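Throughout, protein chains are lettered first and strands after them, A, B, ... in sequence-line order, and every chain is numbered starting at 1. For clarity, every value in this text was computed on a predicted model and none was experimentally measured.
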Amino acid sequence: MPELLIELFSEEIPARMQGFARDTLRKMVTDGLVEAGLTYGHAQAFSTPRRLVLVLDGLSTESPTLREERKGPAVTAPEAAVQGFLRSTGLTLDQLEKRDDKKGQVWFAVIEKPGRAAPEIVAEVLEKTIRSFPWPKSMRWGNGTLKWVRPLHSILCLLSDDTGASVVDLDIDGIKAGATTAGHRFMAPDRFAVTGFADYAAKLKAAKVVLDSSEREAMIWHDATQLAFAQGLELVEDRGLLTEVAGLVEFPVALMGAIAEDFLHLPPEVLQTSMREHQKFFSVKNPKTGRIEGFVTVANRETADHGATILKGNLKVLSARLSDARFFWEHDLRVVKTEGLEGMGAGLANVTFHNKLGSQKARIERIAALAREIAPLVGADPDQAEKAALVVKSDLRSAMVGEFPELQGLMGSYYARAQGLSEEIAAACKGHYSPLGPSDAVPSEPVTVAVALADKIDTLTGFWAIDEKPTGSKDPFALRRAALGVIRLVLGNGLRMGLGRVVSKIFNQRANIATLGDWVRETELEQEETKSALYEALINEDLASYAEGHEAKLAELASSFLGGVKPTPSKHHGQARQSSSDLLSFFHDRLKVFLKDEGIRHDVIDAVLAMPGNDDLTLVVKRAEALSAFLKTEDGTNLIQGFKRANNILTQAEAKDGVEYSFGADVKFAEAEEEKTLFAALDAAEAALAPAMASEDFATAMAEMAKLRAPIDAFFTAVQINAENPIVRRNRLNLLSRIRQICQSVADLTKLDG
Amino acid sequence: MEKPAAPRSFQEIILRLMTYWSSKGCAVLQPYDMEVGAGTFHPATTLRSLGSQPWAAAYVQPSRRPTDGRYGENPNRLQHYYQYQVLIKPSPPDLQALYLGSLEAIGIDLGLHDIRFVEDDWESPTLGAWGLGWEVWCDGMEVSQFTYFQQVGGHDCKPVSGELTYGLERLAMYVLGIDHVMDMPFNDPASPIPLKYGDIFRQTEEEYSRHNFDGANTEVLLQHFLDAEAECERLLAFPAEDPNSGKRIVMAHPAYDQCIKASHLFNLLDARGVISVTERQAYIGRVRALAKKCADAFVTTTAGGWRPEAQA
């Protein structure tokens, strides 16, 4: 069975696209071949900066002959119908067969599609692949119209087996497929011919090209750790950088150097970020001092001087880069020491957060007000929370974050300490963006938690109010992440807060402003001048008027102009209610996803969300966990069956009788012993349940409920609910209602599956 | 092959680039006589990358970035510096090799250094232009930009031009082993009157830094911006037929001069800090609109590939 080898040789492919390109090449070519009727054994794709390679073994030599039979019109059918059939099959009348059918003779067409040879199919599939390859960005070059990620220079396309190798006949815009490739750009630039993959791999290796990116990664990692180890240092792991660097070289050579003494006082994160972002250096740590003291750079070649010139050049660039970093660091420290983080962040007034949500400064003021409000709920000092919120984003205006945006927050914490702000505020600078993902650590320091919550809730309510919610896969403002952040902050810290109240208050404030705005626009004022001045003030700022966080200012405006008229509730308030409940459902949806990952069933969460207080997420989860554990016990599943049976009978009876049986079961009407036992059990359960529910000890509550299982089972076995005597019947239905009430105290069990 | 000796001065590096690209068939042009932010603004690049006419040019372009002024104190940053620019249309298949040859010509031994092509896509919002390519690294330092133009002034580039931009000071400092730009020998250090970069430019860096940050009259600059904008549009509004000569003369280049002016005035206003973040985008958009109109006009000229018979 032949082997197929493809190499697409081009100018340097961006490192970040190579993994995608490997997978895509393999998928497009193998899918295309299979679709055309070929089979293959194993497919493997490789990439270097200059080549994309695919090798397939066990390829079939041709596609099978396909025979298709198609039934046509009856022989007696009108001429037009027969002609139509001939057109659709591409045959002539004498090629059709007459066959007997239930309703007489009909025309049959037998169409044979002969199999095609593999080279023909490969050429067709590869051309289609190249012409429609979905590069994230592609380009034309020279006079051509072909698009590729960078100019494509040659195509190697070879089918080989024991008897030899042959080039697949293919010409794409003047690039004719052949059997040759070139080695390393500098160390072995000549072109050479190959006879198959084994030969190709061996010759490339000799020509200083390591084809497999994972092999290059392993080489880099091995050599770099060895270099560090030899000097008693350790390499800082960085998987992303390793992959990137492996995509920048065909022949990796690791070189290690030391960072000059003058730069060692810079924060380690700054050294690491500067070296990684600008120069793609690995950081090297001294385990004794804990500092970043060196680097490893990866060159693309060996040299006669063993890399001395290359290392010297890299050191020079590093020194220029770190001089810049030191300049930013010292500049920023000067600013915070004279003007504080407040002064550093002053320019945020001129930075737009979102054109409908005002400036960054306006946003920060909203967050500060909210942080103050949330603070008591999370055990933080309101003054500290507000103060922290006002400065946590100031570092966005620092020179360092301007250069390295990924250091936002972290630099703020350094600068807060330098300014002498409290450790709580410094921690909030760094921590208030957290948690950023499902596995990111959740901050626990109360001030940080207050600011982090306020930040995320402000973002969510803001985008909800301007109707920029996530849809399908689109979530440009990362609102799902913000909601998950709120959920994890609340649960991770066991916070007890009604999210519904927090968000509806915000939406209501917005509604107040909007109502006031409408009122001013619509009201006839005697003094036209006054009206237009106020109108201007509102229009100019419009929603930004809210965004500026100046409800008080507006109210003051209105009263000074209008004599203190208060707007009455309006359509905006209806909208606010809608937004609140909508946002709460969004939180619930995210909570479901989160708890599902924690192994809690969907229906369990629904059962819990149906209970009052469902905007208290900690309470929701406490209930869900207890219910989930309960359902895993035998007593639990049986009790649920008993409950459902009781509930079904009761619901049917209530529907039939048109009344609600919810009160007045009396043990004096009990006839059977099992019935009396159940009365006693329910009394006991109620008594035990009350304190457990009061202390939200749902596990104990459910354990108490579990004790009802045996009496309920026995009751159903022994007793006929629909007794002849209507008094007995009503009493029994009311008894069932007590079962329902008790069982429904932790969660709405009717929502459970099965 | 014998390797060229190491150059000894800034000007020698420029001369060697001139000689090299001249030997590769480029027309060696002179700098454009206007204030521009980068070599790309020279009409030999912006306008000539448009249309179907083949082109090959190389030149030095003095470039100004008012916000980069550091009073001559920063070792690497200048508000006035030189770019070396090469533009070849259509881009030849061996452009990377040609480029590497130019590095050898200025004394970079490719056997000892690590040259890398690192992804860097180029976009000029003021010119309505973009292309794909790399920044070229020599031992971890960016020494050139290498771009295949895809669009300029909103027009697809057909054929595609290959553009090379060398930051001359940085490249020369590296080759000559200099740490502070002002210490770099401009002419040969053995000359009767040896001149360093600082002897020529330290004072002007001081003067222009002060001018750019404090001196320039923003009201005048704002007015000049409006004038240049209006003048550009006025020149393009003329009918193509010139009544004096009876010829078809579209004033694409004079109009483009006004676009260059507007762009530089915007840069100065930006350095003076009088343009807010929101206004900034609007200004860039206005310059881009001019660049697009100039490009539209240029492609209706002979140099832009317009042929009278094709219009008939």
Side-chain angles (χ1 to χ4, degrees), chain A residues 11-17 49-50 135 137-145 147 149-151 153 185-187 189 244 247-249 253 255 278-281 297-301 303-305 307-321 323-324 327 347 350-352 355 359, chain B residues 52 54 70 74-77 88-97 100 108-121 130-134 136-143 146-151 156-162 170 173-174 177-179 276-281:
Chain A
E11 297 178 12
E12 277 76 356
I13 306 166
R16 67 185 170 95
M17 298 178 191
R50 294 209 291 166
W135 290 107
K137 272 185 184 172
S138 60
M139 54 163 278
R140 294 171 288 109
W141 60 95
N143 270 311
T145 54
K147 286 190 160 190
V149 63
R150 292 293 183 276
H153 281 262
R185 183 192 281 285
F186 298 104
M187 289 193 284
E244 187 183 359
L248 285 171
V249 293
V253 176
L255 302 166
H278 287 143
Q279 294 184 265
K280 313 205 188 297
F281 285 179
T297 180
V298 180
N300 186 29
R301 64 164 307 154
T303 63
D305 65 356
T309 307
I310 296 174
L311 190 60
K312 197 175 134 211
N314 274 287
L315 269 165
K316 197 175 154 81
V317 186
L318 177 66
S319 154
R321 287 294 190 185
S323 299
D324 278 350
F327 171 80
N350 303 322
V351 180
T352 306
N355 60 10
S359 69
Chain B
S52 55
R70 296 291 182 274
N74 187 292
N76 303 300
R77 242 181 249 278
I88 305 180
K89 178 174 74 172
S91 63
D94 59 345
L95 189 56
Q96 280 186 313
L100 292 171
I108 294 179
D109 181 350
L110 299 183
L112 287 179
H113 293 274
D114 181 34
I115 309 292
R116 227 82 77 68
F117 292 85
V118 181
E119 178 192 13
D120 189 37
D121 302 339
W130 68 276
L132 298 190
W134 311 273
V136 185
W137 285 15
C138 176
D139 305 333
M141 188 178 69
E142 184 193 338
V143 290
F146 192 128
T147 308
Y148 292 101
F149 277 8
Q150 302 296 301
Q151 222 180 46
D156 280 346
C157 297
K158 289 182 181 172
V160 168
S161 299
R170 191 180 347 192
M173 282 165 68
Y174 190 69
I178 304 293
D179 291 325
S276 74
V277 181
T278 34
E279 284 176 318
R280 208 163 181 281
Q281 287 312 312

_Between B/Asp121 and A/Arg150, does any NZ, NE, NH1 or NH2 come within less than 4.0 Å of an OD or OE carboxylate oxygen?_
yes
*Any idea which heavy atoms bring B/Asn76 and A/Ala320 closest together, and the distance?*
ND2-CB, 4.1 Å
*Point-to-point distance, once rounded to the nearest 0.5 Å, from NZ of A/Lys147 to CG of B/Leu132*: 9.5 Å
*Specify which of A/Pro151, A/Gly307, A/Gly144 makes the most heavy-atom pairs with chain B at under 4.5 Å.*
A/Pro151
*Of all of A/Thr303, A/Ile310, A/Val317, which one pairs up most often with chain B through heavy atoms under 4.5 Å apart?*
A/Ile310
*Counting heavy-atom pairs under 4.5 Å to chain A, which of B/Cys138, B/Ala97, B/Cys157 comes out on top?*
B/Cys157
*Looking only at heavy atoms, which two atoms of A/Asn143 and B/Pro159 are closest? And how far apart?*
OD1-CB, 3.2 Å
*asked:* Please give me the minimum heavy-atom distance between B/Leu112 and A/Thr309, naming the atom from each residue.
replied: O-CB, 3.8 Å
*Among A/Arg16, A/Gln279, A/Met139, A/Arg140, who wins on heavy-atom pairs under 4.5 Å with chain B?*
A/Arg140
*Which region of B/Ile115, side chain (C-beta onward) or backbone (N, CA, C, O), has a non-hydrogen atom less than 4.5 Å from a non-hydrogen atom of chain A, or is it both or neither?*
both
*Between CG of B/Asp139 and NZ of A/Lys312, what distance do you get to the nearest 0.5 Å?*
10.0 Å
*Output the option from A/Leu255, A/Val249, A/Val298, A/Thr145 having the highest count of non-hydrogen pairs under 4.5 Å with chain B.*
A/Val298
*asked:* On a heavy-atom basis, which atom in B/Arg116 and which in A/Asn300 lie closest, and how many Å separate them?
replied: CD-CB, 3.7 Å
*Kindly indicate whether the side chain of A/Lys316, heavy atoms from C-beta on, has any atom under 4.5 Å from the side chain of B/Asp179.*
yes
_Quick check on A/Val253 against chain B: is it the side chain, the backbone, both or neither that has a heavy atom closer than 4.5 Å?_
neither
_Shorter than 4.5 Å, heavy atoms on both sides: which option in B/Ser52, B/Gly133, B/Gly177 has the most such pairs with chain A?_
B/Gly133
*asked:* Taking side chain as everything from C-beta outward and backbone as N, CA, C, O, which of these in A/Ser138 sits under 4.5 Å from a heavy atom of chain B? Side chain, backbone, both or neither.
replied: backbone
_From B/Glu119 atom CD to A/Ile13 atom CD1, the distance as rounded to the nearest 0.5 Å_ = 11.5 Å
*Closest non-hydrogen atom pair between A/Glu12 and B/Phe117, with its separation*: OE2-CD1, 3.5 Å
_Please enumerate all residues that pass side-chain contact (heavy atoms from CB on, under 4.5 Å) together with A/Lys280, with sequence neighbours excluded._
A/Leu241, A/Glu244, A/Val245, A/Leu248, B/Val118, B/Trp137
_Heavy-atom cut-off 4.5 Å, strictly under: side chain, backbone, both or neither for A/Met187 against chain B?_
neither
*What part of A/Arg185 is in contact with chain B, defined as an atom under 4.5 angstrom from a non-hydrogen atom: side chain, backbone, both or neither?*
side chain
*Which of the residues B/His113, B/Gln96, B/Lys158, B/Lys89 is involved in the greatest number of heavy-atom pairs with chain A at under 4.5 angstrom?*
B/Gln96
*Segment of A/His278 engaging chain B (4.5 angstrom heavy-atom cut-off)*: backbone
*With sequence neighbours left out, what residues match B/Arg77 under side-chain contact (heavy atoms from CB on, under 4.5 Å)?*
A/Asp324, B/Asp68, B/Arg70, B/Asn74
*Supply the atom-to-atom distance B/Gln150 CD to A/Lys137 NZ, rounded to the nearest 0.5 angstrom.*
11.0 Å
*Which heavy atom in B/Ser91 sits nearest to a heavy atom in A/Gly142, and how many Å separate them?*
OG-N, 2.8 Å
